[in-house]
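Beneath this line is the structure, given in C-alpha cells, with notes to follow.
Numbering of ligands and ligand atoms starts at 1, following listing order.
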Amino acid sequence: MEESIEWVEKYRPKSLSDLVGNKKSVVDMREWAESWLSGVPEKRAVILHGPAGVGKTSAAHALAKDFEWETIELNASDQRTAGAIERVAGSASKMSSLTGTSTKRLIILDEADNMHGNADRGGARAVGGIIKTTDQPIVLIANDLYGLTPTIRSSCIELKFNSVQARSMIPALKRICVEENIMCGVGVLEKLADNAGGDLRSAVKDLQAVALGRDEIYIEDIATSERDTKESIFKALGKIFKSTDPKSALQATYGLDETPENLIHWIDENLPLQYGTQEGTEEDIITGYRYLSKADRYLGRVRKRQSYRLWRYASVLMTCGTVVSKTHVSRGFTKYQPPSFWRKMGQLRAKRDMRDNIASRIGYHCNESMRYSRTDLAHLYGRMLKDDAYAVDVAVDLELSVDEIVYLTGGKKVTKGIQKIYDLAQAQRSTYGNDDAPVFFEKKAAKKVQDKKQMDLNQIMESAASKGNTEAAETSKTVNSAPKDETKPDPKPAAKAKPQRTLFDF
Ligand SMILES: Nc1ncnc2c1ncn2[C@@H]1O[C@H](COP(=O)(O)OP(=O)(O)OP(=O)(O)O)[C@@H](O)[C@H]1O
C-alpha cells in the first residue's frame, strides 16, 4: 500500500548529487572512489561518521550507484563475528582476483562503531585485517568515531558528516511535496526543518506524518510542544524496535521527556504492533514481554521504596530487553500508538467524576454522606429512574443530564426511554422554575416542613394544656412564630438555603 511506504526510503538519494549538505565529504568520497578505478589505493576504506539521519548510509549506496558497483552490506542486525565477516566481506574483498572481473563490490559495514559487543566478538579484529588486504572498496559507517579501534581508524580515510543545516533541508522537503502533490508554504518547510535539529531523516518523517491523509499543510498543523514530545518518543520507539544495538536504543531514551513509568506503557502498547508484523515472531513478543515484566517489577520497587536509583534498572530492562528480544528487524512502516491504558484511565476518571458529582447532589438532597450516596443511594435512585412513577421527578430534582441518567440506570447509551425522561424533566423545569433552583420539589419540600412543624406545634400545645405548663406554652409561642421564618429565603445562596430532603419526599 502506498501509505505504508516510508518516505525516507522512497526518497533516499539515488546519486551523490541528490545528497543535501556535506559537500566537502561527498567530494572527498567521490575522489576516493575514483582512485579505485586505477588500481588499489593506499587507503582501501573510508569511515563515514557523524550524527544519525544526515545521509551516511545513503551516501554509501549512492556512490555505488554512481559508479555502477554492486554492494554487499553487513549491518548490525547480522551476526558480525570474525568468522561471519571473513566469510561475507573477506571473500567479497577478494572477488576480482577470483573471478578476474573488473566490476567492483562496495562492502558497506553499517554501525561499525558497535562491534565490540559479544555478538561481534572478534569482528573488529577481522575488519581491521580485511581493510589491509581487500581488493574491493569498503565503507564503514559510524555515529561515534571513537567506537572504532585505533587500528581500523589508522587504515581508513575519515570523512565527517555534519548535521544538515535547516536551509539545506528545505529543497529536499520541497521536492518530496512536489512529488506527493502536497501544497504548502515555505514557512511550513522551514518549521519542519528547524524542528529536525539537523536530522534530515526526522524532517522527512515529520513531513510524512503531518501530510497523512491531506493534500495541503498549514503552519498550524505542525509542532505544538506536545507534538515535539511525541515526535521524540516516536523516534525513541523507532530505535528501540528497529535497532539491534541496546546501547544506542538506551541512549535514544535519555533525552526523552518521559519517565520510565510512562515509557513502559509506550513500549507495551507498540511491541505487538511492531514485532507482530511478520510470521514466526511470536517468540519475540513473548521474550519482549518477559523483559517488560521484569522492568515493571523494578518500577514497583521504586514506588515502594521511593528509591529512584532503581529507575535505571527498569529503563535498561525495558529498552535493551526489547532490543535483544527481536530475531527479525521489521523494515516496514509502523504507526505507533499512544498507550491505550492512558485513554482508559482518562475514561475511568471522567466516569469517577460523574459518579462523585451525582453523589454530592444525592447527598445534599438526602442529607447523607458521600460514601452512602455514592453506593446504596445512587443504586436506589437508579432503580427509581427505571420506574415511570418517579423517573422524571428524580431527573428534575437531581438536575440530571442525559449522560447522568444513562450512568445511574446502568445503561451504555442514550435510549429512547432515557431521552424521554430527560425531555420531560427539561419541560418540567422550564414550567416550574429555572435550572438552578428546581422549585417543583422546593415547594413540595417546604410544604412538608410546614406540615411537620404544625404537627409538632399541635403536640406541644396539647402537652402544655394537659400539664398546665406555662413554660411549654411560652415555648409554643416561639415555635408558633417559626414557620413563617422557615420559608423565608436565607441570605445564603438558594441551594444552601433549601431544606434537606429525604427519600420520602419522592
Ligand atoms: N544528506 C541527505 N540528503 C538527502 N536525504 C537525506 C540526507 N540525509 C538523510 N536523508 C534522508 O534520510 C534518510 C535516512 O538517511 P541515512 O540512512 O542515509 O542517514 P544516516 O546518516 O545513515 O543515519 P544513521 O546513522 O541513523 O543510519 C534517507 O533515506 C533520506 O531520505
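Side chain of Lys65 to backbone of Ala60: no donor-acceptor contact under 3.5 angstrom is found. Checked by atom type and distance alone, the side chain of Thr409 pairs as donor or acceptor with a backbone atom of Val406 at under 3.5 Å.
Salt-bridge check for Arg303 with Glu261: passed, with a basic side-chain N closer than 4.0 Å to an acidic carboxylate O. Between Arg361 and Glu399, none of the side-chain N atoms (NZ, or NE/NH1/NH2) sits under 4.0 Å from a carboxylate O, so this pair counts as no salt bridge. Of the charged side-chain nitrogens involved, at least one lies within less than 4.0 Å of a carboxylate oxygen, so that Glu6 and Lys242 count as a salt-bridged pair.
Near ligand 1, Val8, Tyr11, Arg12, Pro13, Leu19, Val20, Pro51, Ala52, Gly53, Val54, Gly55, Lys56, Thr57, Ser58, Asn143, Leu200, Arg201 each place a heavy atom less than 4.0 angstrom from the ligand.
Here side chain to side chain donor-acceptor pair (under 3.5 Å) pairs that include residues 16-31, with residues two or more places apart or in two chains, are Ser15-Ser17, Lys24-Asp28.
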